[in-house]
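For the single chain, residues carry numbers from 1 onward in sequence order.
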Amino acid sequence: MSHETLRLTVADHIATITIARPPVNAQNNRFREELAEVVDSLGDRPDVRVIVLTGEGKAFSAGADLSERPTQEPGHYTAHNRRVRASFDCLLECPKPIIAAVNGAAIGAGCVTALCCDIIVTSEKGFLQMTEVNVGLAGGVAHVRRHFGESDARLLIMTARRIYGPDLLRMNVASACTTPEELMPTAIGIAADIAKASPSAVRAAKRSFQVTEGMSIYDAYRFEQTQTKALSTTDDTAEAMAAFREKRPPVFKG
C-alpha cells in the first residue's frame, strides 16, 4: 500500500518507517492517519518484530502543519485533539518496540512523537524542542516529564530551547548519539539485537512497561511475574531451553 506522507520498508524482521513530507516533515491530518494505520498494521504482522521511525532529509519532524491548525468552530478542536492523540497513542500502544532515530529537528509534535517511542537514538545534529510557549500554546508536559528530570522538563517546556543529541545522551533521554552517517546503522543494529530475541518475550516486556508505569513496585512486580508464568509455556521458551542444551543459537518464531 502506498502512502503520501510515509515510506515503509521491511527486511530481516525490521520495519523502517520514514516520515516523508518535505521540507521539514510537518505533521498534517493525512500523516496522523497514515502513521496510525501503518503502526497498527505492523503491530499485527508476524514478519515484523521491531520498528525504526526516522525522518527524511534534515528534519525528523518539525511539528504540526500550521496550515491545518484547528478553528474555534464547535467540535473542531475536539476532533483535532483526538486525531493528534491517536498518532501518539499508536506508538505507545504498539505491541512491538519502536526505535526513534532522530536525524534532525524534532519540534513540538515531532518531539512528542520521538518521546512516544521505546528507545531514542539521535545524531549530533538531532535535537528535541518544545516551542508551544512561543506561539501562545502549552502542551507535551506529560510526555516530556516521562523522559526528563523535573528541572530539565520545565526548562524544555518553558524556554523552548533546543536540546541536541550530546546533551540528550548526557541526560539519559537518548540511548546513543552518533554522527549523522552512523545514525541509521546504529538504530538498525539495536533493532537487529531486538529481532534476535524471543518475540513473545519482547512483546511481554513492552507490555510490562506499558502497564506498570503507574503501579506500586509491589503490584508491578506481581504483574511481571504473571507475564513470566505465561511465557514459560510458550514455544519460544521451549526453543530457548532446547538451544541451551544443544549449545546452538535459538530460532524463535514468536
Begin from the C-alpha positions of Phe148 and Leu156 and carry the test side-chain contact (heavy atoms from CB on, under 4.5 Å) through to its verdict.
CA-CA 9 Å; Phe148 288 82; Leu156 183 68; 3.8 Å; yes
Do [X] and [Y] come within less than 4.5 Å of each other through their side chains, counting heavy atoms only?
X      : Y      : value
Asn28  : Thr5   : yes
Ile163 : Val173 : no
Gln129 : Cys111 : no

Are there over 12 heavy-atom neighbours, none belonging to [X], within less than 6.0 Å of that residue's [atom1]?
X      : atom1 : answer
Met241 : CE    : no
Arg222 : CZ    : no
Tyr221 : OH    : no
Asp12  : CG    : no
Asp235 : CG    : no
Arg83  : CZ    : yes
Phe209 : CZ    : no
Lys58  : NZ    : no

Measure across [X] and [Y] and return the closest heavy-atom pair with its distance rounded to 0.1 Å.
X      : Y      : answer
Phe127 : Ala105 : CZ-CB, 3.4 Å
Leu91  : Thr113 : CD1-O, 3.5 Å
Ala114 : Leu128 : CB-CD2, 4.3 Å
Ile51  : Cys94  : CD1-SG, 3.9 Å
Lys253 : Arg49  : CA-NH2, 4.0 Å
Ala230 : Thr233 : O-OG1, 3.0 Å

Donor-acceptor contact below 3.5 Å, side chain Thr228 vs main chain Glu224
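Indeed, once roles are kept as given, a pair shorter than 3.5 Å links the two residues.
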Does the Lys206 side chain pair with the main chain of Lys96, one donor and one acceptor, at a distance under 3.5 Å?
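Side chain of Lys206 to backbone of Lys96, a donor-acceptor pair under 3.5 Å: yes, one is there.
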side-chain contact (heavy atoms from CB on, under 4.5 Å), that's the test. Do Glu124 and Thr179 meet it? Break it down for me.
CA-CA 6 Å; Glu124 296 161 342; Thr179 64; 4.1 Å; yes
Given Ile98 and Val39, is the side-chain contact (heavy atoms from CB on, under 4.5 Å) satisfied, shown in steps?
CA-CA 9 Å; Ile98 303 176; Val39 172; 4.2 Å; yes
Is there a donor in the side chain of Gln27 and an acceptor in the side chain of Ser61, or the other way round, less than 3.5 Å apart?
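Their side chains do contain a donor-acceptor pair, which is all the 3.5 Å distance test asks for.
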